[in-house]
Amino acid sequence: MVRGPQTTMSDDRKPYPFRDFEPKWQARWDSEKTFRTAGPGDEGFDPAKPKYYVLDMFPYPSGAGLHVGHPEGYTATDIIGRYKRMNGFNVLHPMGYDSFGLPAEQYAIKTGQHPAVTTAANIENFRRQLKSLGFAYDWDREIATTDPEYVRWTQWIFLLLYSSYFNAESNRARPVAELEAKGWTREQIDAERLAYVADTPVWWSPDLGTVLANEEIEEWKSKGHTVERRPLRQWMLRITKYAQRLIDELDGLDWPEGIKLLQKNWIGRSEGAEVVFTVANKDITVFTTRPDTLFGATYMVLAPEHPLVAEITTSAQQAAVEAYRKTCASKSDLERGDLNKDKSGVFTGAHAINPVNGAEIPVWIADYVMMGYGTGAIMAVPAHDERDFEFAQKFTLPVIQVVAGENVGETSALPCCDPGIAINSGFLDGLATADAKAKMIDWLETNGKGKRRIQYKLRDWLFSRQRYWGEPFPIVWKDGHHHAIADSELPLLAPPLDDYKPSGTPDPLLNKATEWVQLHDGSIRETNTMPQWAGSCWYYLRYCDPSNKDRFISKEAEQYWSGKGASTGMVDLYVGGTEHAVLHLLYARFWHKVLFDLGHVGTPEPFQKLVNQGLILGEDGQKMSKSRGNVVNPDDVVREYGADALRLYEMFMGPLEQVKPWQMKGVEGVSRFLARVWRIAFEEKSDGGHQVSAKIKDIECADKELLRVVHETIKKTGEDIEKLSFNTAISQMMICTNAFTQAEVVPLKEFIQFLTVLNPFAPHLTEEIHERVAAVTGRRCSPLSETAWPTYDPAALVRNEIEIVVQVNGKLRERLTVAKDADEEMVKSLALQSPKVLEHTDGKTIRKIIFVPGKLLNIVAA
RNA sequence: GCCGGGAUGGCGGAAUUGGUAGACGCGCCAGACUUAGGAUCUGGUAUCGCAAGGUGUGCAGGUUCGAGUCCUGUUCCCGGCACCA
């Protein structure tokens, strides 16, 4: 439930006049470019200042505008950015728009409006909303991935991938020019490019009219779109070459372990071996992670799509095999994988020779073996693999146990996939699994029957789309070959179309623009477009040097914003949702590594520290959605309570990384807190105006306890911001506010220190109070945003008297107030005089006394 | 099934290396100010009990002078992956 009309705050009821001053400060920050960041080459740049790069995952500017999840991460980074700025850092805190993408195009289909038009309108709305929250972005660095100047460099980086290959010896990307120099043929070179064309089975969505990457299909399926497998000619990026580095180089990153693990599992490294079986004089290679179980292979399975199936199938089995392959081809992904795990398959009639013992085993085809992983063929060891076991049971195939539990001979339940001791395995008998694997691989390699192999689940990145609203490939085709267009022709922009509706065939939409496609020299343009991920793969680099006409980023800007080599990642803090764990975050790392290999960036990783903000649920504890009607619109909250209250509330709800439900009452709570701060500064005049409170006095603080709370607040707030523990920082500032409220006199200096500390959280309110109060007291007044973060005085933190807890046998029995440096003897003697303590030690012998200085005394008595 | 993360009042959540469980806020109760209160200020608020005192951090054990925190087992919730050989 959102607030009913009864509780709506009318204008005269609002607790402090945020509607008057929030827009005022926003306008001032805008016109004065308060948060402009000077980088290398800019006026006012100070290279001696340490840099701090704090980044938000930029939004897709949808028609719905910001939801309350956006300001959660954005406020967190804003607080950090403002705080670092006050601590003398040169802070880069930019914002932009990931503005290519399907929804704009779907909208164009409905309305006929060019996606550029709706995108521009959406961006304008997002910008308005972002500015209404008072974020300290450097708006001069704003970028949109659809901006032609941005598209230019996205295409330029694509061409860099196109003109590079992965050199296995140096384990990094190098220009293909090296291969040309070595006299490689065009075909050989094309087979090595990091961006290449391949005919592969891809995920094609007829209703979206495009193919999708493996990483994307889940998302679109969940939105009700269909996808099907289809062999198509597509552009691919050779991300698999980076599989190992993408795993290894996670180590140096300050990322949540869960996200690292997610990426590792997605890349899916497996160690094992290839084993060559012979079938009808043909070699069929299988991949296995358990070469030690080779003696237990009782049949072989090929994926239905395996190219050798047709060749080995006997005539007797031909009809059955053909029928089975047909069913598999028509099965959707869901039918084949997610829903139906029942085993199915057909015998090919062929037999394979097990290289290690010459045994003849039947060859089957079954859809539980995938063409896309390993070699598309397996040796089945039903005794030690659950899937093979299930299959063997169903088709009554033999099962041979070749691994026993720790005590050889003990029969364990099958299938058993745990390591153990090899049995029934010839020369492996008696070896532990790890040793048996090694020995078998040695045997295979010695006898030319196989070799060690590391396999990854990660596939190459399917990079082309058939839709309109994306970067066109800067490629032309002539005589059946692809060619890069010249850098001088960039950006290559798509022409407007009359009709954006997908044709229902895999033909790219841009084919409709026949004049654009056909070039005078007889070559034709590539008509696929890039996926939305392309723009987000490098936007954090462009922010560093957003208007550079000559390069995607200048060397100087890149070096300065990468820092002095203390870390492996460029961005110091990156905040965004978990949903990008294996998509954007993997793709961007890949591009960054290519740029690193080719000398364009100086760090191997883009994002040093990553924090995932937790999802904000609706007031009903459910995920916010239009259909549930539990969506909270930030515009409404700003109108009712103001930007500062929204910022504060989102930070006060709970830990940043935690999933937490929205509570409109909580917004009222922080709004009341801000109003209390306002009332410390001002008293209301009879005409409704505000005058600076008479309690504020520019005198030395005589109230030691108040002074202690203020300095405690300076200390704790700073420490908590560093830890991103914003909720506890706010809690401390509330305590401080309560102390000021109750004080007879509010000392000006301490009050301004408090405002400074609160400023990153509630910038409008604090600036307004500061400006008005300073004007009256005649103090020099530069804005708080230009003020240094206050330092706390450790001496002010010390309490003269402290409370010591006295426990008897671990139970709290007494509290003693003693001098802060009271020693054990002192506390002990006081405790042993206490009637409450004596009551519980009465008749017992004191065995032991534990003293924790400044904390507690525990008397052990029995 | 596998891999992560979590479980603390009526609610959101606090709790340094193990050392006063429930900070702060919401809600609720009482009081003050007031023509009024849905504003503000003050006090109270884990639970049982008149009290003394007892009991309490999903559940069952363990280590310890002392456990929300460490160990073992277990249940439930959330997220991710899911025939990857």
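These numbers come from the heavy atoms of this one structure, side chains and all, not from hydrogens, waters or symmetry mates. Because the structure is predicted, anything quoted here is derived from the model rather than measured.
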**Prompt:** Can A/Gln455 and A/Ser270 be said to form a side chain to side chain donor-acceptor pair (under 3.5 Å), step by step?
**Reply:** CA-CA 5 Å; A/Gln455 177 68 38; A/Ser270 303; over 6 Å; no
**Asked** How far apart are the C-alpha atoms of A/Phe391 and A/Tyr299, what are their side-chain angles, what is the distance that settles it, and do they pass the ring pair (Phe, Tyr, Trp, His ring centres under 6.0 Å) test?
**Response** CA-CA 10 Å; A/Phe391 192 83; A/Tyr299 62 101; 5.5 Å; yes
**Item:** Residue pair A/Phe18, A/Trp678: steps toward the ring pair (Phe, Tyr, Trp, His ring centres under 6.0 Å) verdict
**Value:** CA-CA 10 Å; A/Phe18 59 84; A/Trp678 177 264; over 10 Å; no
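Contact between the side-chain N/O atoms of A/Arg813 and the OP1/OP2 oxygens of B/G54 is found at a separation under 4.0 Å. When the side-chain nitrogen and oxygen atoms of A/Gln807 are compared with OP1 and OP2 of B/G19, none of them lie within a distance under 4.0 Å. The phosphate of B/C65 (OP1 or OP2) has a side-chain N or O of A/Lys848 nearer than 4.0 angstrom. When the side-chain nitrogen and oxygen atoms of A/Thr728 are compared with OP1 and OP2 of B/G13, none of them lie within a distance under 4.0 Å. The phosphate of B/G4 (OP1 or OP2) has no side-chain N or O of A/Asn265 nearer than 4.0 angstrom. Taking side-chain N and O atoms only, A/Asn738 has a distance below 4.0 Å to OP1 or OP2 of B/G25. A sub-4.0 Å separation between OP1 or OP2 of B/G27 and a side-chain N or O of A/Arg672 is present.
Looking at heavy-atom distances under 4.0 Å, A/Val659 makes contact with sugar-phosphate atoms alone, never a base. Among the protein residues, A/Leu262 comes within range of the sugar-phosphate backbone only, with heavy atoms under 4.0 Å from sugar or phosphate atoms but none that close to a base. Residue A/Ile850 is in base contact, counting any heavy-atom pair closer than 4.0 Å across all strands shown. Across all strands shown, A/Gly669 has heavy atoms under 4.0 Å from sugar-phosphate atoms exclusively, and none from any base. Within the 4.0 angstrom heavy-atom criterion, only backbone atoms of the sugar-phosphate kind lie near A/Val860; the bases stay farther away.
Between A/Leu648 atom CG and B/C26 atom P there is a gap of 13 Å when expressed in whole angstrom units. Put simply, CG on A/Asp388 is 7 Å from C1' on B/A85, counting in whole angstrom units. The distance from atom CD of A/Gln742 to atom C1' of B/G43 is 11 Å, rounded to the nearest whole Å. One atom, CD1 of A/Ile267, and another, C1' of B/C3, lie 15 Å apart when rounded to the nearest Å. Straight-line distance from the CD atom of A/Gln732 to the P atom of B/U16: 15 Å, rounded to whole Å. Distance A/Ile849 CD1 to B/U64 C1': 18 Å, rounded to the nearest Å. Rounded to an integer number of Å, the gap from A/Tyr649 OH to B/G13 C1' is 11 Å. Atom CD of A/Glu684 and atom C1' of B/C41 are 15 Å apart (whole Å).
Below the 3.5 angstrom threshold, one finds a donor paired with an acceptor across the side chain of A/Lys343 and the base of B/C83. Put simply, the side chain of A/Glu803 and the base of B/U20 share a donor and an acceptor less than 3.5 Å apart.
The A/Met370 side chain lies nearest to B/A85 when the options are B/A23, B/A85, B/A39. Between B/C41, B/A23, B/A85, one nucleotide has an atom nearer to the side chain of A/Arg676 than all others, and that is B/C41. Across B/G12, B/U20, B/G25, the shortest atom-to-atom separation from the side chain of A/Arg815 is found for B/U20. Comparing B/C65, B/C3, B/A85 by their nearest atom to the side chain of A/Leu261 picks out B/C3. Nearest to the side chain of A/Thr289, among B/C65, B/A85, B/G13, sits B/A85. Nearest nucleotide to the A/Asp385 side chain, out of B/G25, B/A85, B/G13: B/A85.
In terms of position along RNA chain B, the nucleotide closest to A/Thr741 lies nearer the 5' end than the nucleotide closest to the other residue of the pair A/Gly810 and A/Thr741.
Counting heavy-atom neighbours within 6.0 Å of A/Glu705 CD, excluding the residue itself, gives a total above 12. The number of heavy atoms from other shown groups lying within 6.0 Å of CZ (A/Arg452) does not exceed 12.
A donor-acceptor pair shorter than 3.5 Å cannot be found between the side chains of A/Thr728 and A/Ser731.
Nucleotides B/U55 and B/G49 have their P atoms positioned 16 Å apart, rounded to a whole Å.
Contact check on A/Arg799 versus A/Glu801 returns no salt bridge, with no Lys/Arg side-chain nitrogen under 4.0 Å from an Asp/Glu carboxylate oxygen.
A syn base is found at B/G9: its glycosidic angle is within 90° of 0.
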